[in-house]
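Okay, so here's the structure we're looking at.
Every number for a ligand or one of its atoms is a count from 1 in the order of the listing. Here the structure is a predicted model, which means the values were calculated and not measured.
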Amino acid sequence: MNHKYRKTVIAANWKMNKTPTETRTFGAEFRRILPRGRWCEIVLCMPAICIPAGVKAMRDTRVNIGAENMYHETFGAFTGEISAPMLVDAGVKYVILGHSERRAMGETDADINKKLIAALEAGLTPILCVGESLEQRKSGVTFEHITMQLKLDFQNIQPEQLRRIVVAYEPIWAIGTGLTATPEEAEEVCQHIRTVIRKLSSAKTARATSILYGGSMNGDNAAQLLAQPDIDGGLIGGASLDPEKFVKIINAANQDAE
Ligand code: PGA
């Protein structure tokens, strides 16, 4: 983390978990145990159907609500899709884009690029996910793969807009598996991501970009991961479903807040 230049962001990714009723229950408990005082930026990304309950439950707190996906068009004949302006109107501030679980369902970098542009246009903060598979790691192409994802996802995005994107490094082999990248492995890739952003924009933008780690982050390993200079927060799946477990990670991020 580097509090001088960029925000520390701790974001939950609930995936396809929790009903609106369970969102209210989580919200009541989370509010009760939320650390006071020095806070990192906290985001709860949840299923679209839970967003109204989430927004209501977190009213008058500094907790932001995020979506897990969106469509790039603003409105029209796209049955089942949700647009960026709809999310904004519902009180959403962040949106996860390009999660590996969505890429596995067929989302391409070209799709993600269009979504990023639409999200920025609407005033949302995108959390762009990139990461390599186990095969890619084993064959030594991790850096090349991530460079390619960033180049394609960032196409035609102006440098001043790039600054508003949060990037999450999520090695696919570490997601939901209990296998966490070591702090050194995660740092190496996050540092590489910052270098790519510097080349695509400027040193100033690269320095100001929050880069998160995601993949089996929990209350026990968060502090070590967050102690790395280029890891500015976390995107948390499993451990974000329980308010107490999630607060443990927030406490780890608040630890050395200045
Ligand atoms: P996990 O998920 O924390 O359950 O590994 C992270 C993610 O997919 O964002």
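Ligand 1 is never approached by G214 to a heavy-atom distance shorter than 4.0 Å. Using 4.0 Å as the threshold, A174 has a heavy atom nearer than that to some atom of ligand 1. Contact between A239 and ligand 1 is absent, with no heavy atom of the residue lying under 4.0 Å from the ligand.
Ligand-side atoms of ligand 1 in range of G176: 1 (P), 4 (O), 5 (O), range being under 4.0 angstrom from any heavy atom. Within ligand 1, counting atoms from 1 as listed, the ones closer than 4.0 Å to a heavy atom of G215 are 5 (O). Numbered from 1 in the order shown, with element, the atoms of ligand 1 that lie under 4.0 Å from a heavy atom of H99 read 7 (C), 8 (O), 9 (O). Taking a cut-off of under 4.0 Å to the non-hydrogen atoms of L235, the atoms of ligand 1 that pass are 6 (C), 9 (O). Heavy-atom proximity to E170, at under 4.0 Å, picks out these atoms of ligand 1: 6 (C), 7 (C), 8 (O), 9 (O). Which parts of ligand 1 touch S216 is read off a 4.0 Å heavy-atom cut-off, strictly below it: atoms 1 (P), 3 (O), 5 (O).
The part of N13 lying near ligand 1 is the side chain, judged by heavy-atom distances below 4.0 Å.
Under the 4.0 Å criterion applied to side-chain N and carboxylate O atoms, K138 and E135 are not assigned as salt-bridge partners. Checked for salt-bridge contact, D111 and R102 miss the test: no charged N lies under 4.0 Å from a carboxylate O. One finds a salt bridge joining E101 and K15 here, because a Lys/Arg side-chain nitrogen approaches an Asp/Glu carboxylate oxygen to under 4.0 Å. The existence of a salt bridge linking D232 and K4 is excluded, since no basic side-chain nitrogen approaches an acidic carboxylate oxygen closer than 4.0 Å.
Y213 has its side chain out of reach of V189: every pair of non-hydrogen atoms, C-beta onward, lies at least 4.5 Å apart. At a threshold of 4.5 Å between non-hydrogen side-chain atoms, the residues C40 and K7 do not count as touching. By the 4.5 Å heavy-atom criterion applied to side chains, V43 and I65 are not counted as neighbours. In this structure, E107 and K115 have side chains that are in contact, with non-hydrogen atoms separated by less than 4.5 Å.
With hydrogens left out, the protein atom closest to atom 4 (O) of ligand 1 is G238 N, 2.8 Å, a heavy atom. In this structure, the protein non-hydrogen atom closest to atom 3 (O) of ligand 1 is G237 N, 2.8 Å.
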